[in-house]
Undergrad: 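Okay, handing you the structure first.
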Amino acid sequence: DTEVTQTPKHLVMGMTNKKSLKCEQHMGHRAMYWYKQKAKKPPELMFVYSYEKLSINESVPSRFSPECPNSSLLNLHLHALQPEDSALYLCASSVDRTLEPQHFGDGTRLSIL
Amino acid sequence: AQSVTQLDSQVPVFEEAPVELRCNYSSSVSVYLFWYVQYPNQGLQLLLKYLSGSTLVKGINGFEAEFNKSQTSFHLRKPSVHISDTAEYFCAVSRGGATNKLIFGTGTLLAVQP
């Protein structure tokens, strides 16, 4: 069982819709991450939050908007996505941003129509 | 900058046979090394990690890896595989510190056949 919980598990949306992905952890971790993973590829880092502040944005298009309301919760708001944004979106957390390993959730599989 | 190379995109092996999945890295500074496994329709699960100390690292599910600084390698091994080990395996490197980012290899599909 994963200790990082992501909802929903699957999401289908049109290009004009607005939706949000949610990630939650109760391990007391202070660093949280969003990754995008296309089929047969490794995860690609999108955003990093450290102590609820955005510390890394890997030049992600503005149609993806992250939010960290508190130390346990991470959201990814989606608006006006493109078909190429269809992918598995993974959330991860770690004790902090130094060398501790990251713990991953099972992801949200997103399909854009 | 760090990089990770997993030369084998797929490794077929028979059940109960030993297996080695290769990982080489490049970095001008000390790094931390990880192996993750991804089963179908799941996220990544940490198998093992090398941060410092003993170069032979034991992980979950009977896997182990050896850090070889002179060859810049961190190969993953298991003496006897099971059908349930069929999955994608990712090697990853991190420099640690305030700018810590995981750099993943391209992955190796371990396909265990009966």
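Protein chains get the first letters and strands the later ones, always in sequence-line order, with residue 1 at the start of each.
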Undergrad: Checking heavy atoms, do the side chain of B:Q45, its backbone, both or neither come under 4.5 Å from chain A?
TA: neither
Undergrad: Sort by residue number and list every residue of residues 61-73 of chain A having at least one heavy atom under 4.5 Å from chain B.
TA: none
Undergrad: Who pairs with A:E44 by salt bridge (Lys or Arg N to Asp or Glu O under 4.0 Å), at least two apart in sequence or on another chain?
TA: none
Undergrad: Give a yes or no on whether A:K41 atom NZ has more than 12 heavy-atom contacts from other residues, nucleotides or ligands under 6.0 Å away.
TA: no
Undergrad: Counting only non-hydrogen atoms closer than 4.5 Å, does B:E88 touch chain A with its backbone (N, CA, C, O), its side chain (CB onward), both, or neither?
TA: neither
Undergrad: Checking heavy atoms, do the side chain of B:L46, its backbone, both or neither come under 4.5 Å from chain A?
TA: side chain
Undergrad: For B:Y36, which atoms come within 4.5 Å of any heavy atom of chain A: side chain, backbone, both, or neither?
TA: side chain
Undergrad: Can you pull the ring pair (Phe, Tyr, Trp, His ring centres under 6.0 Å) pairs that have at least one residue in residues 40-63 of chain B, sequence neighbours excluded?
TA: B:Y50-B:F67, B:F63-B:Y89
Undergrad: Check A:L76 against A:F47 and note the closest heavy-atom contact, atom names and distance.
TA: CD1-CE1, 3.8 Å
Undergrad: Do B:S70 and B:N68 get their side chains close enough for a donor-acceptor pair, meaning under 3.5 Å?
TA: yes
Undergrad: Could you pull out all donor-acceptor pairs under 3.5 Å where a side-chain atom in residues 104-114 of chain B meets a protein atom, sequence neighbours excluded?
TA:
from	atom 1	to	atom 2	distance (Å)
B:T108	OG1	B:Q6	NE2	3.3
B:T108	OG1	B:D8	O	2.6

Undergrad: Which atom pair, heavy atoms only, marks the closest approach of B:T86 to B:Y39?
TA: O-CD2, 3.8 Å
Undergrad: Which answer fits A:Q37, side chain, backbone, both or neither, if we ask what part of it has an atom under 4.5 Å from a heavy atom of chain B?
TA: side chain
Undergrad: Answer with yes or no whether the side chains of A:H77 and A:S20 bring together a donor and an acceptor at under 3.5 Å.
TA: yes
